Participant: 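Please find one structure pasted underneath; my questions will follow.
Every heavy atom of this structure was used, including side-chain atoms; hydrogens, water molecules and symmetry mates were not. Computed from a predicted structure; not experimentally measured. Protein chains get the first letters and strands the later ones, always in sequence-line order, with residue 1 at the start of each.
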Protein chains: 2
Amino acid sequence: MSHGWETIRADVLRRIQAREWGPGATIPSEEALSREFGCARATVGRALRDLAATGVLERRRKAGTRVALQPVRRATLEIPVIRQEVEGRGQTYAYRLLADVMEQPPLPVLLRLRLPAGVALRHLTCLHSAVGQPFVYEDRWLNPAVLGGQRPDFAAQSANEWLVANMPYTAGDIAFSAAGAGADDAAAFGIDPGTPLFIVERTTWTADTVITCVRLAYMPGYRLRMTL
Amino acid sequence: MSHGWETIRADVLRRIQAREWGPGATIPSEEALSREFGCARATVGRALRDLAATGVLERRRKAGTRVALQPVRRATLEIPVIRQEVEGRGQTYAYRLLADVMEQPPLPVLLRLRLPAGVALRHLTCLHSAVGQPFVYEDRWLNPAVLGGQRPDFAAQSANEWLVANMPYTAGDIAFSAAGAGADDAAAFGIDPGTPLFIVERTTWTADTVITCVRLAYMPGYRLRMTL
DNA sequence: TACGCAAATATGTCTGCACATAATCCTGCC
DNA sequence: GGCAGGATTATGTGCAGACATATTTGCGTA
């Protein structure tokens, strides 16, 4: 009857979609299902665990497995390096460093990085282009301590790429918003101040040290797409 | 030594972060690791599979398991019903239906829904408020066929909530962008046209039928946050 | 009635084993 | 040297059984 746990997952999902098991209903136990499908309990468990991970099912010991009442839509967003995003669309990518200075960051940045006042950080601004057109204007604050003696050439390699290669597997958070172009943004893109721009702000850190805090302003009209 | 596959996952991750196994390096086989950890191969497999799912490892049969060279950042975004998003912050939620008519959608909507020209859809506009302030202005096109004889009262229950309850587990895509407030948006929020707004556009369908296509305009200053 | 403890139960995890599958590696032939 | 095809090998999946753990349920008692 079945070739594999994916078949079982598909069948369970089908029954849910067909309302055979309605929202909130408790579905049969792993044991019962394994008898029905003629396979081991572990195999059913694998299928149900996967559906629970995507939010379709909710499982609790002893209480059993039930169809989620308000299925939370979960979407996984893959955040590529900007170079890859551009080249993945078959366009030519270019990068230019605009500024690289040590200075004290403004208060909001300090708060987000949980740093005391008076600390100086490396402040980088740069421009990513696709097909010669400005694509993303980047404004980054970097903790110089993470360089650890190395002196990467941020004019040649973007800080983002250096970080993925040298400080990978970090924790962080990310926020999306819309904002009117500031003076810097307007100059970078050659547009009027106030033009709506899509903004991404990221903060990353390891267990003990803050690494970087970056604001990315995307070209007017940019859309970030993902699949549910 | 080990209490469970999560311990093993943590230890493997630690070694990767400590550069014991650098980016691109092939790590020992499941067999070797299971001997080292003193557990069954399946247990190691579970840990490595999980790390592969989060993008830290790349696995291929026969080739073995290697540390991802360019670890793709994956973030999982949970998309809540707007009511839950507001109430989850301890704020009072209110909903008001502004319009509900049958009409022919504009071309971009038809294209996204892959419908032929001339089809009429149900066009709903409504406003979600938090603490009495406009929070989201919603502009939705709904395929009337999915109602299937039911006549939900969209003045009392938002179309979104009706859909999660009655047409759950659908496929779809979602896009984020920034746009200047149009006339409708400006009227809904009481702001100047052109004010930058955060826009979410969603299209959902089942295997065979298109369900709905919605544009959500969030209040000025809204930030969508997620954790890496 | 209310409360607390014990039994029952469904999921969570682990073990050991087996076979399937996909790549790579290597050998031998041309 | 180059190529085809088989041997090798690491992961992918499955099975059966066992024990761990979290809850619920129900029973007995205050």
Participant: So with a 6.0 Å cut-off around CZ of R114(A), is the heavy-atom count from everything else above 12?
Facilitator: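 Check fails, neighbour count at 12 or below.
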
Participant: Rounded to whole Å, please give me the gap between CG in L33(B) and C1' in dT11(D).
Facilitator: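 For the pair L33(B) CG and dT11(D) C1', the rounded distance is 13 Å.
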
Participant: Separation of W5(A) atom CH2 from dA20(C) atom C1', in whole Å?
Facilitator: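 Taking CH2 of W5(A) and C1' of dA20(C), I get 16 Å after rounding.
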
Participant: Please give me every residue in residues 40-59 of chain B whose heavy atoms get under 4.0 Å of an atom in DNA chain C, ordered by residue number.
Facilitator: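 Contacts with DNA chain C under 4.0 Å: A40(B), R41(B), A42(B), T43(B), R46(B).
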
Participant: Between T65(A) and dA10(C), is there a side-chain N or O to OP1/OP2 distance below 4.0 Å?
Facilitator: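 Answer is no, no contact under 4.0 Å.
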
Participant: Rounded to the Å, how far apart are E31(A) CD and dT11(C) P?
Facilitator: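 Value for this atom pair: 9 Å.
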
Participant: Atom CG of L216(A) and atom CD1 of I79(A): how far apart are they, to the nearest 0.5 Å?
Facilitator: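 With rounding to 0.5 Å, CG (L216(A)) is 10.5 Å from CD1 (I79(A)).
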
Participant: Would you say the side chains of R140(B) and T212(B) form a donor-acceptor pair under 3.5 Å?
Facilitator: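 Yes, side-chain donor-acceptor contact under 3.5 Å.
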
Participant: Nearest-Å distance, CD (E30(B)) to C1' (dT15(C))?
Facilitator: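 My rounded result for the distance is 14 Å.
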
Participant: Counting C-beta onward and ignoring hydrogens, is there a side-chain heavy-atom pair between V214(A) and D139(A) closer than 4.5 Å?
Facilitator: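 When only atoms from C-beta onward are counted, D139(A) and V214(A) do not touch, as no gap falls below 4.5 Å.
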
Participant: Check whether more than 12 heavy atoms from other residues, nucleotides or ligands sit under 6.0 Å from atom CZ of R19(A), and answer yes or no.
Facilitator: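 Correct, the count exceeds 12.
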
Participant: Please output the side-chain donor-acceptor pairs of residues 38-50 of chain A that fall under 3.5 Å, not counting sequence neighbours, one pair per line with the distance.
Facilitator:
from: R41(A); atom 1: NH1; to: E30(A); atom 2: OE1; distance (Å): 2.7
from: D50(A); atom 1: OD2; to: R9(A); atom 2: NH1; distance (Å): 2.6

Participant: Output, in order, the C-alpha distance, side-chain angles, deciding distance and verdict of side-chain contact (heavy atoms from CB on, under 4.5 Å) for V12(A) and W21(A).
Facilitator: CA-CA 9 Å; V12(A) 170; W21(A) 298 323; 3.9 Å; yes

Participant: My understanding is that only residues two or more places apart in sequence, or in another chain, count here; which of them pass salt bridge (Lys or Arg N to Asp or Glu O under 4.0 Å) with R14(A)?
Facilitator: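 If we apply the salt bridge (Lys or Arg N to Asp or Glu O under 4.0 Å) test to R14(A), skipping adjacent residues, the hits are D11(A).
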
Participant: Quick test: give all pairs of protein nitrogen or oxygen and nucleotides 4-6 of chain C nitrogen or oxygen below 3.5 Å, distance rounded to 0.1 Å.
Facilitator:
none

Participant: Is there a side-chain contact between I27(A) and R15(A), using heavy atoms and a 4.5 Å cut-off?
Facilitator: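 I27(A) vs R15(A): side chains apart.
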
Participant: Name all residues meeting the ring pair (Phe, Tyr, Trp, His ring centres under 6.0 Å) criterion together with Y95(B); count only those two or more places apart in sequence or in a different chain, and write none if there are none.
Facilitator: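 For Y95(B) the ring pair (Phe, Tyr, Trp, His ring centres under 6.0 Å) partners, ignoring immediate neighbours, are H128(B).
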
Participant: Spell out protein contact along nucleotides 22-28 of chain D as letters: B when the base is contacted, S when just the sugar-phosphate is, - when no protein heavy atom is under 4.0 Å; keep the 5' to 3' order.
Facilitator: BBB----

Participant: Please give, in whole Å, the distance from dT11(C) P to R66(A) CZ?
Facilitator: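 Atom CZ in R66(A) sits about 11 Å away from atom P in dT11(C).
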
Participant: When the distance from CD of E6(B) to C1' of dA20(D) is rounded to whole Å, what number comes out?
Facilitator: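 One finds 14 Å between C1' of dA20(D) and CD of E6(B), rounded.
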
Participant: Are Y137(A) and L98(A) close enough that some pair of their side-chain heavy atoms sits under 4.5 Å apart?
Facilitator: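 Answer yes - side chains close enough.
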
